[in-house]
Number of protein chains: 2
Amino acid sequence: MSTRRETVRQALTGCTGFRSAQDLYADLRAGGSKIGLTTVYRALQALSDSGEVDVLRTDDGEAVYRACDSEAHHHHLVCRKCSTAVEIEGPAVEEWAAEVGARHGFTGVTHTVEVFGTCAECARS
Amino acid sequence: MSTRRETVRQALTGCTGFRSAQDLYADLRAGGSKIGLTTVYRALQALSDSGEVDVLRTDDGEAVYRACDSEAHHHHLVCRKCSTAVEIEGPAVEEWAAEVGARHGFTGVTHTVEVFGTCAECARS
DNA sequence: CCCCTTTTTGACAATCATTTTCATTTTCTC
DNA sequence: GAGAAAATGAAAATGATTGTCAAAAAGGGG
């Protein structure tokens, strides 16, 4: 329950899209905070470890985070331009993944599923 | 049709799983090749640009490559331990992704889907 | 074959996100 | 309030990936 971690969590909660550690650090500094970059990284690490935020990797390997509404397992529909994300569910996909894994004799099957596109907002401009 | 690119392609074709640029470089050097690391990166870049190899990112952001049999759109069932991969298909997933994107007003919808687990081979040991 | 242009190559330096280190500050507990 | 434990942040270290640039290889006429 550190103050800094809470600061980072709130900064992230105020965003609709995925943000990188560097982004959040810049946001916080711009907002007057004296937080250090290392602390932002540590906070995000802790938050994602505890499952409070979701992480994914951009095409160029950068980690981006999001504070989602749902605590349950879900996926994302992410805008390629503004990175805004919508939480989505796909029961059929869950089953398919588990089934395909089992069929090939794999155990402890998990999956990553993300959908990308250009949101209506960005398509306009 | 450079010799080096062909060398890298073949090295990758001989693998069943996903391999990083660093891995391939080490393999090639161990096999007596005098290839440079930069060239391995360039070859992989070109091969993935032309769609001849598939790329994905490990949890820690490293890019890993695979020369797949299928040239068509497909996904992978990847072993968490040995990185061996099986090419899989999921028509239902394709449709679901497209539908979910459209429903939220997104255009140019694409998706990434990977399934992970421990293969039968690795589960044994 | 030889000369010249174009492409490819590779050693090395530069980037950039992320992690480590370590000394300082803050928070907790008694 | 004192002392131990956890959190913080500045700066250095790491590690994958990319940029630079000069040398080497490949083509293509003549």
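By convention in this document, chain letters (A, B, ...) are assigned in the order of the sequence lines, proteins followed by strands, and residues within each chain are numbered from 1. What you are looking at is a predicted structure, and each value in this text was computed from that prediction instead of being measured. Only heavy atoms go into these numbers, but all of them, side chains included; no hydrogens, no water, no symmetry mates.
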Item to complete: Give a yes/no answer on whether the side chain of Tyr41(B) brings an N or O atom under 4.0 Å of OP1 or OP2 in dT17(D).
Response: yes
Separation of dT18(D) atom C1' from Gln45(B) atom CD, nearest Å, is 9 Å
Would you please indicate yes or no on a ring centroid separation below 6.0 angstrom for His73(A) and His111(A)? yes
Q | Same cluster (ILVMFWY, side-chain, under 4.5 Å), Val93(B) and Val109(B) | A | yes
Determine: side-chain N/O of Thr39(A) to OP1/OP2 of dG9(D), distance under 4.0 Å, yes or no. yes
Check your understanding: Could you go step by step and tell me if His76(A) and Phe116(A) meet the ring pair (Phe, Tyr, Trp, His ring centres under 6.0 Å) rule?
Key -> CA-CA 8 Å; His76(A) 305 96; Phe116(A) 299 93; 9.7 Å; no
Arg9(A) atom CZ is separated from dA7(D) atom P, nearest whole Å, by 14 Å
When rounded to whole Å, the CD1 to P distance for the pair Ile35(A) and dA7(D) reads 14 Å
- Message: Distance alone, cut at 3.5 Å: any donor-acceptor contact between the side chains of Gln45(A) and Tyr65(A)?
- Response: no
Looking only at side chains, do Glu52(A) and Ser50(A) share a donor and an acceptor under 3.5 Å apart? yes
* Asked: What do you reckon, is CD of Glu121(B) surrounded by more than 12 foreign heavy atoms closer than 6.0 Å?
  -> no
Leu44(B) atom CG is separated from dT8(C) atom C1', nearest whole Å, by 16 Å
Closer than 4.0 angstrom, basic N to acidic O: yes or no for Arg66(A) and Glu87(A)?
yes
The nucleotide from dT18(C), dC12(C), dT20(C) with an atom nearest the side chain of Thr38(A) is dT20(C)
note: Leu37(B), atom CG; dA14(C), atom C1'; distance rounded to Å ~ 14 Å
Side-chain N,O (Arg4(B)) to OP1/OP2 (dG10(C)) below 4.0 Å: yes
Which of dT18(C), dG9(D), dA16(D) is nearest the side chain of Arg57(A)? It is dT18(C)
When rounded to whole Å, the CG to P distance for the pair Leu24(B) and dT17(D) reads 11 Å
Arg5(B) atom CZ is separated from dG10(C) atom P, nearest whole Å, by 13 Å
Lys34(B) atom NZ is separated from dA11(C) atom P, nearest whole Å, by 10 Å
- request: Report yes if a donor N or O on one partner sits less than 3.5 Å from an acceptor N or O on the other, where the partners are the side chain of Arg42(A) and the base of dG9(D); otherwise report no.
  value: yes
Between its two end axes (five pairs each) the helix from dC1(C)-dG30(D) to dC30(C)-dG1(D) turns, nearest 10 degrees, through 30°
Between Asp27(A) and Arg19(A), is the closest basic N to carboxylate O distance under 4.0 Å? yes
Under 3.5 Å between N/O atoms: give me all the protein pairs with nucleotides 25-27 of chain C, atom names plus distance.
none

| query | Does any donor atom in the side chain of Glu99(A) or His104(A) lie under 3.5 Å from an acceptor atom in the other side chain? | reply | no
